[in-house]
Amino acid sequence: MKIGYACKLIGVPNSDMKSCLLKNASSEKLTELIKYNIYSLSNIIDYNIENNIKLFRISSDLIPFGSSEVNKIKWWEIFREELLLVGEKIKDSNMRVSLHPGQYTVLNSNNKEVVQRAIADLIYHTRILDSLGLNQEHKVILHIGGAYDNKTLAVKRFAEEFKLLPKNVKKRLVIENDDKIYNIEEVLDIGIKHNIPVIFDNLHNLINPSEQKLSESYWIDKSKTTWKKEDGIQKIHYSQQAEAKKVGSHSDFISINKFMNFYKMLDKDDIDIMLEVKDKNLSCVKCINCTTTSLNINELEKEWSRYKYTILERSHTKYLEIRELLKNKSDFSAVDFYTLLEDGLETEGDSGSYVNTLLHVWRHIKNFASDKEKDNFFKYLENFKLQRTGIKTVKNYLKKLVGKYEQEYLLNSYYFLN
DNA sequence: TGACGTCAAGATCCG
DNA sequence: CGGATCTTGACGTCA
């Protein structure tokens, strides 16, 4: 079993995808962006390896305007070596990657131009995985598309277009149930009929269920039958509804207790789970730690070092509780640890706890900071206390100093994330 | 015609 | 002038 996250790594510098507006997309600009993005991807893969993350969705933004006429750059030739090196790292670490064109790639559209663009987009996505030198287990995920007042016809168009796709694209393509139009039953019908592996998405299934109200495990088992040996083991998407937000919105973080219930329901190892969640790698590491048998407590201590100031800023009580829990080195529970952590994250901090935490963090650099910097910091702090400036401003200044004096411990911390 | 989703780029505001 | 904050963009479907 692999647990992964999608597209974006949080809290690590030089791991972002850069883009530009269409009107600025000159060849020079695009080449520069592509070079940087491949460098970022390489850094993301390094992070995944260091953190034992074996499943990852590469962002479609890797190549800006990757399937558009405006991008005439033969990036797969220019950056051939760099891409192969990244691919080697993926293979050597037994990582599985994927790509997922968004809701605007519609293969079954009744508009021919839209279909042509969708085909170009699928070719682009496939080309990334091909250029990395990865096998057919590394997939491109697609939704079926629109309904156009006639689902039968729309499904027929999907099948026809699928059959006409280049062979290397077809080999990678997998389909997923969506939140509005095609439910898991309909997607499975297509997948079984045309030999396309199916990804079950739990939240989409909740919002847009099949008329036959069958259990999640029924649909997961049925989806499994669509995964052939050469496709690798079955893959599913897992996410949680963000409370008090629009139906279908992904939660800020994975609630570990809900996840563990789902995981126990699955009751199997031959399945890969892609998490779709706002805090990306953070929840991914959490879920990995909670499903690892005989986890070393060092892993939780590492996590604590990254989260501690975020918790302290919200709740001193929770901070002490978690510290207490980690004192028991022989008998500890990762789920208990993260449950407390989540409680802490959901607590609203007050002015006092913000100030207290700022001072805690300040202690790491006070011996390095110049008199001027010290002056500045305490001026910011005073202004914050008087509500003349926001917490963000103070933290950003502190972040700058932490970067300047290369405080590794704090640079790895989640304290400075927004 | 706007909402939907995503999030960095770009524009503008502010001290 | 630099940093913070607001707006736009790029995509297709559907109400």
Side-chain angles (χ1 to χ4, degrees), chain A residues 5-10 13-26 29-30 32-34 36-37 40 57-71 99-122 124-125 141-151 153-155 157-158 161 176 178-182 201 203-204 207-208 237 239 241-242 245-252 276-280 376 379-380 382-384 386-401 403 416-418:
Chain A
Y5 66 100
C7 303
K8 211 176 92 153
L9 171 53
I10 283 183
N14 299 317
S15 67
D16 58 321
M17 294 293 141
K18 293 199 185 299
S19 189
C20 68
L21 297 189
L22 190 52
K23 61 179 180 188
N24 301 328
S26 65
K29 179 81 181 168
L30 287 172
E32 176 198 323
L33 293 173
I34 294 166
Y36 177 82
N37 289 350
S40 274
R57 181 191 300 163
I58 297 171
S59 169
S60 297
D61 296 336
L62 181 68
I63 313 295
F65 306 101
S67 62
S68 160
E69 288 291 325
V70 305
N71 189 337
L99 280 145
H100 188 5
Q103 57 182 301
Y104 299 111
T105 304
V106 187
L107 190 61
N108 78 339
S109 175
N110 51 10
N111 176 333
K112 273 184 185 162
E113 284 169 25
V114 171
V115 176
Q116 281 314 303
R117 279 196 287 273
I119 293 167
D121 207 35
L122 292 173
Y124 153 64
H125 282 83
I141 297 126
L142 185 68
H143 292 294
I144 303 301
Y148 313 92
D149 291 328
N150 188 337
K151 253 188 180 172
L153 260 182
V155 168
R157 267 202 310 278
F158 179 88
E161 294 300 339
E176 180 197 348
D178 66 72
D179 58 345
K180 288 194 178 70
I181 303 171
Y182 293 95
D201 181 300
L203 189 58
H204 292 163
I207 299 163
N208 179 25
H237 289 173
S239 59
Q241 171 68 44
K245 285 209 189 151
K246 248 174 229 89
V247 172
S249 294
H250 294 150
S251 59
D252 288 341
E276 294 179 319
V277 58
K278 295 265 164 59
D279 75 349
K280 308 290 180 182
N376 285 340
K379 257 183 220 157
Y380 274 123
E382 216 36 54
N383 278 334
F384 173 69
L386 297 167
Q387 296 185 30
R388 296 168 68 150
T389 189
I391 184 69
K392 239 180 169 176
T393 312
V394 195
K395 278 173 87 167
N396 274 344
Y397 184 68
L398 204 50
K399 185 181 181 178
K400 219 173 78 181
L401 296 183
F416 292 113
L417 298 180
N418 287 323

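Because the structure is predicted, anything quoted here is derived from the model rather than measured. Residue numbers begin at 1 in each chain, while the letters A, B, ... track the order of the sequences.
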A:Ile391 CD1 to C:dT5 C1': how many Å, rounded?
17 Å
Would you please say whether a donor-acceptor pair under 3.5 Å links the side chains of A:Thr389 and A:Asn383?
no
Using the side-chain heavy atoms of A:Lys8, tell me which of these nucleotides is nearest: C:dC11, C:dA10, B:dA8.
B:dA8
Within the side chain of A:Lys245, is there an N or O that forms a donor-acceptor pair under 3.5 Å with the backbone of A:His250?
no
Does C:dG12 have OP1 or OP2 under 4.0 Å away from a side-chain N or O of A:Arg117?
yes
A:His237 NE2 to B:dG5 P, in whole Å, measures 18 Å
State whether the side chain of A:His100 and the backbone N or O of A:Ile141 hold a donor-acceptor pair below 3.5 Å, judged by distance alone.
yes
Test log, rule side-chain hydrogen bond (donor to acceptor under 3.5 Å, both in side chains), inputs A:Tyr5 and A:Asp279:
CA-CA 9 Å; A:Tyr5 66 100; A:Asp279 75 349; over 6 Å; no
Of the listed C:dG12, C:dA4, B:dG5, the closest approach to the A:Lys246 side chain comes from B:dG5
How do A:Cys7 and A:Leu21 order along DNA chain B: which one's closest nucleotide is nearer the 5' end?
A:Cys7
Using only side-chain N and O atoms of A:Lys180, determine if any of them is under 4.0 Å from OP1 or OP2 of C:dT13.
no
Measure from the side-chain heavy atoms of A:Ile181 and tell me the nearest of C:dC14, C:dG9, C:dG12.
C:dC14
Starting from the 5' end of DNA chain B, give me the residue, A:Leu33 or A:Gly248, whose nearest nucleotide shows up first.
A:Gly248
DNA chain C: A:Lys392 or A:Val106, which has the more 5' nearest nucleotide?
A:Lys392
Can you measure A:Asp178 atom CG to B:dC4 atom P for me and round it to whole angstrom units?
17 Å
Using atom CD1 of A:Ile10 as one end and atom P of B:dC7 as the other, report the distance to the nearest whole Å.
9 Å
Check this one for me: any side-chain N or O of A:Asn396 less than 4.0 Å away from OP1 or OP2 of C:dA4?
yes
With a 4.0 Å limit, can you tell me whether A:Asn24 has a side-chain N or O closer than that to the phosphate oxygens OP1/OP2 of B:dG10?
yes
Does the base of C:dG12 carry an N or O that pairs as donor and acceptor with the side chain of A:Tyr148 under 3.5 Å?
no
Starting at atom CZ of A:Phe65, determine the distance to atom C1' of C:dG9, rounded to an integer number of angstrom.
8 Å
Taking only the side-chain heavy atoms of A:Gln103 (C-beta and beyond), determine which of C:dG12, C:dG3, B:dG10 contains the nearest atom.
C:dG12
Using a heavy-atom cut-off of 4.0 Å across all strands, would you classify A:Ser109 as base, sugar-phosphate, or nothing?
sugar-phosphate
In whole angstrom, give the distance that lies between atom CG of A:Asn37 and atom C1' of B:dA8.
11 Å
Nearest whole angstrom, please: distance from the C1' of B:dA8 to the CD of A:Glu32.
15 Å
Given C:dC11, B:dC7, C:dT13, which nucleotide is nearest the side-chain atoms of A:Lys280?
B:dC7
Reading DNA chain C from 5' onward, which residue's closest nucleotide shows up sooner: A:Gly145 or A:Lys400?
A:Lys400
Does C:dC11 have its OP1 or OP2 closer than 4.0 Å to a side-chain nitrogen or oxygen of A:Thr105?
no
Rounding to a whole Å, what distance do you find between A:Asp252:CG and B:dT6:C1'?
15 Å
For the side chain of A:Ser40 and the backbone of A:Asp16, is there at least one donor-acceptor N/O pair under 3.5 Å apart?
yes
Below 4.0 angstrom from OP1 or OP2 of C:dA10, is there any side-chain N or O of A:Lys23?
no
So do A:Arg57 and A:Glu276 actually touch side chain to side chain, heavy atoms under 4.5 Å?
yes
